[in-house]
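Read the structure below first, then the notes.
In the text below, chain A, chain B and the rest are named by the order of the sequence lines, each starting its count at 1. Predicted, not measured: the structure shown is a model, and the values here were computed from it.
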Amino acid sequence: MDVLYFAWVRERIGLPKERIETQAATVSDLVAELSAREDRYAAAFADLSALRVALDQELSDFDASLTGVREVAFFPPMTGG
Amino acid sequence: MDVLYFAWVRERIGLPKERIETQAATVSDLVAELSAREDRYAAAFADLSALRVALDQELSDFDASLTGVREVAFFPPMTGG
Amino acid sequence: MRIAVQEEEFDLGAEANAFAAGDDANGAIVTFTGVVRDLATGDLDVMEIEHYPGMTERALTKIAQEAMARWCLGDVLVIHRHGRLAAGDRIMMVATAARHRKDAFEAAEYLMDYLKSRAPFWKKEITSSGADWVAAKDEDEDALTRW
Amino acid sequence: MRIAVQEEEFDLGAEANAFAAGDDANGAIVTFTGVVRDLATGDLDVMEIEHYPGMTERALTKIAQEAMARWCLGDVLVIHRHGRLAAGDRIMMVATAARHRKDAFEAAEYLMDYLKSRAPFWKKEITSSGADWVAAKDEDEDALTRW
């Protein structure tokens, strides 16, 4: 699955996109898996209330299932306009 | 005093402006005086709820005093925009 | 603040660009443009707009000043035409500039609501079968109660 | 309906004129334009706007379609830039065309409220002393509750 990072999440993790093989059932499981990997992930995911997640380019929730999902994106609340 | 008429009030009375010497104390008094003059005035002033009045270019009321007023205008509700 | 009452047409784009070129502190620019709509029957020949020279400028200036007093605005523009217009012609525009979008939007709506019912303009629709003064709508008068 | 996500600048006036040149049935045209504001300190060098290609277009299209479904609109335009901008540059615009002004105003405000909090753009302010991601405002999220 492709995992994308934007804004300060991208800066903190240090890359915009990576391909990840995972058995994580939900977004939260994926976050736990990534956070366990390295400090920079743990730092980026420290406060989930400051993060948003999109599954296949639709806004979603951290307890959503990853079944069939090809693209996950993590980013802070949007500030367009 | 100058008396001005706009839109269908002007059309019904048949002129846009006239100079009137009057002792009318209020707008209502002036309306009564004009209505008594000729049918075309009576027709124009038949339904005061369909009319608006401005005194010296400020919206006002039919019971307002004419003391010191130089210009009175009668017209239907505005339809700008 | 600029108030223009004029017979000649105006260029919406040029006016919007000139207005928006003002102060950098204005992050939000709202414009409203009114266009002459054809009748349902499709046979509007001319829309004639009468106004009360002198009072019109006073009334629009007062409405714009009131908006500047009620909202935090950087600038206000009001243009209103009179005379003979055709379907598709632009009748009028207002523009507001503010730091924040809420002020710009609310002030533009306020300007429009007051301009509709408190500025001395009267519209007459002329078709091949006759001429009719446009009647004021209750909803336009009612719109004022929210301010 | 037109949605444009682009790096290059746009001409507000030309866009407004082209948009307003549409259907004569639309008596009311509203535009909103967002402009990069300088910082209170006056030292903004660059406003960098990051976005999520693909999702951005989908999100804006969905917001515009929702507006078309909720209000009686003739047309909708959304333009949003990304990349590096300077104070005074125009970031984005929305435009709505409708028979009646109420629909045009409400739909434009709706588009702005959703675009602010639901379209994947992120702003970063770069000054000589560093770079800061602009924080989302609670009031922008709260603005959605009125719809």
* To do: Give the C-alpha distance, both sets of side-chain angles, the deciding distance and a yes or no for side chain to side chain donor-acceptor pair (under 3.5 Å) between Asn26(D) and Asp75(D).
  => CA-CA 9 Å; Asn26(D) 298 319; Asp75(D) 200 5; over 6 Å; no
* Would you check, one step at a time, whether the test salt bridge (charged side-chain N to carboxylate O under 4.0 Å, His left out) holds for Asp113(C) with Arg101(D)? => CA-CA 10 Å; Asp113(C) 283 352; Arg101(D) 73 185 188 283; 2.7 Å; yes
* To do: Would you please test Glu141(C) and Lys137(C) for salt bridge (charged side-chain N to carboxylate O under 4.0 Å, His left out) and show each step?
  => CA-CA 7 Å; Glu141(C) 188 65 30; Lys137(C) 290 188 208 130; over 6 Å; no
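Using the six-membered ring where Trp is involved, Trp147(D) and Trp71(D) have ring planes that are perpendicular, over 60° apart on the 30 and 60° scheme.
By the neighbour-count criterion of 12 heavy atoms within 6.0 Å, atom CD of Glu9(D) is sparsely surrounded, having that number or fewer from other residues, nucleotides or ligands. Counted within 6.0 Å of CZ on Arg70(C), heavy atoms from surrounding residues, nucleotides or ligands total more than 12; the atom is thus considered enclosed.
With chain D as partner, the option from Gly13(C), Gly27(C), Ala16(C) having the largest number of non-hydrogen pairs under 4.5 angstrom is Gly27(C). Taking Glu15(D), Arg99(D), Glu139(D), Met112(D) one by one and counting their heavy-atom pairs under 4.5 Å with chain C, the maximum is reached by Arg99(D). Options Val30(C), Val36(C), Thr33(C) differ in how many heavy-atom pairs under 4.5 Å they form with chain D, and the most are formed by Thr33(C). Considering only heavy-atom pairs separated by less than 4.5 Å from chain C, the leading option among Ala97(D), Ala108(D), Ala104(D), Ala95(D) is Ala108(D).
Remark: Phe10(D) pairs with no residue by the ring-ring contact (aromatic ring centres under 6.0 Å, His included) rule, at least two apart or across chains.
Heavy atoms of Val94(C) lying under 4.5 Å from chain D are absent altogether. Contact annotation for Ala25(C): only backbone heavy atoms (N, CA, C, O) come within less than 4.5 Å of a heavy atom of chain D.
In terms of heavy-atom proximity, Ala20(D) sits nearest to Leu12(C) at CB-CD2, 3.7 Å.
Residue-level contacts of residues 116-132 of chain C with chain D, in order of numbering, are Lys116(C); threshold 4.5 Å between heavy atoms.
Put simply, the side chain of Ile91(C) does not reach to within 4.5 Å of the side chain of Val35(C), judged on heavy atoms.
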